[in-house]
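Just below is one structure, and these are the notes that go with it.
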Amino acid sequence: AQKITQTQPGMFVQEKEAVTLDCTYDTSDQSYGLFWYKQPSSGEMIFLIYQGSYDEQNATEGRYSLNFQKARKSANLVISASQLGDSAMYFCARLRPHGSSNTGKLIFGQGTTLQVKP
Amino acid sequence: DAGITQSPRYKITETGRQVTLMCHQTWSHSYMFWYRQDLGHGLRLIYYSAAADITDKGEVPDGYVVSRSKTENFPLTLESATRSQTSVYFCASSSSLNTEAFFGQGTRLTVV
């Protein structure tokens, strides 16, 4: 099965410090997309960052960056300078591309709950 | 209003009843998805669709039916609801495979 694994059910970080949320995936595809989403306690899903498997540089979006290691099949999210509003659940997701047998299949990991301490 | 909307937001139904959750998007996105979210399982893909009249099973399709006769709508039907289908259901849409999926607000379904 092509799984997404987030091994950290819950994490704590001190405000203003950086934190890394782990994500590993299992795939035989050469081309795919990786996403991170944030889900605050209000329940909505908020897109954070995208990484294409053929992108040469790691994706960055403001305080979010993606530590992408294709050979290790990992796509860890790094949040710099944590803020209290970063407290939420974070999901990693992988998308199968055009040309694969399941084009457009977007699957998620189980999520990591992050709590930022003041 | 533009966006992706789900209805109803909350639903209580009885075991054995058929119930349909609606999802409507105004962007003409090609791709649409249905997920259920349960504690300890994250978001699990039920069904997805790459275009109108093209649907495919996800990770947990049993007990669910979808259709996509129009690009903008992607209803999810529970043919005979069971208590195990009590969950929060999310619909999402995406314009391409290189961009993010946008999510609806979710439908909280309780089967009693």
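Atom set for the values below is all heavy atoms of this structure, side chains included, hydrogens, waters and symmetry mates excluded. Just so we're on the same page: letters track the sequence lines, and every chain starts at 1.
- Arg108(B) CZ: 12 or fewer foreign heavy atoms inside a 6.0 Å radius.
- Within a 6.0 Å sphere centred on NZ of Lys70(A), heavy atoms belonging to other residues, nucleotides or ligands number more than 12.
- Contact of the Gln39(A) side chain with the Phe90(B) side chain is registered, since non-hydrogen atoms from C-beta on lie closer than 4.5 Å.
- When atom types are taken as modelled, the side chain of Tyr37(A) and the backbone of Ala101(B) share a donor-acceptor pair closer than 3.5 angstrom.
- At a threshold of 4.5 Å between side-chain heavy atoms, the hydrophobic network of Ile, Leu, Val, Met, Phe, Trp and Tyr places Val78(A) and Val13(A) in two separate groups.
- In this structure, Phe91(A) and Gln37(B) have side chains that are in contact, with non-hydrogen atoms separated by less than 4.5 Å.
- Leu84(A) is not connected to Phe12(A) by any chain of hydrophobic side-chain contacts under 4.5 Å among Ile, Leu, Val, Met, Phe, Trp and Tyr, and they are in different clusters.
- The CZ atom of Phe35(A) lies 6.5 Å from the OG atom of Ser94(B); values are rounded to the nearest 0.5 Å.
- A pairwise comparison of heavy atoms in Phe33(B) and Leu106(A) identifies CE2-CB, 3.7 Å as the closest pair.
- Following chains of ILVMFWY side-chain contacts shorter than 4.5 Å, one cannot reach Ile46(A) starting from Tyr64(A), and the two form parts of different hydrophobic clusters.
- Atom NZ in Lys105(A) sits 11.0 Å away from atom NZ in Lys57(B) (nearest 0.5 Å).
- Only the side chain of Leu45(B) comes within less than 4.5 Å of a heavy atom in chain A; its backbone stays farther off.
- In terms of the side-chain contact (heavy atoms from CB on, under 4.5 Å) criterion, residue partners of Ser7(B) (sequence neighbours excluded) are, by chain and number, Met22(B).
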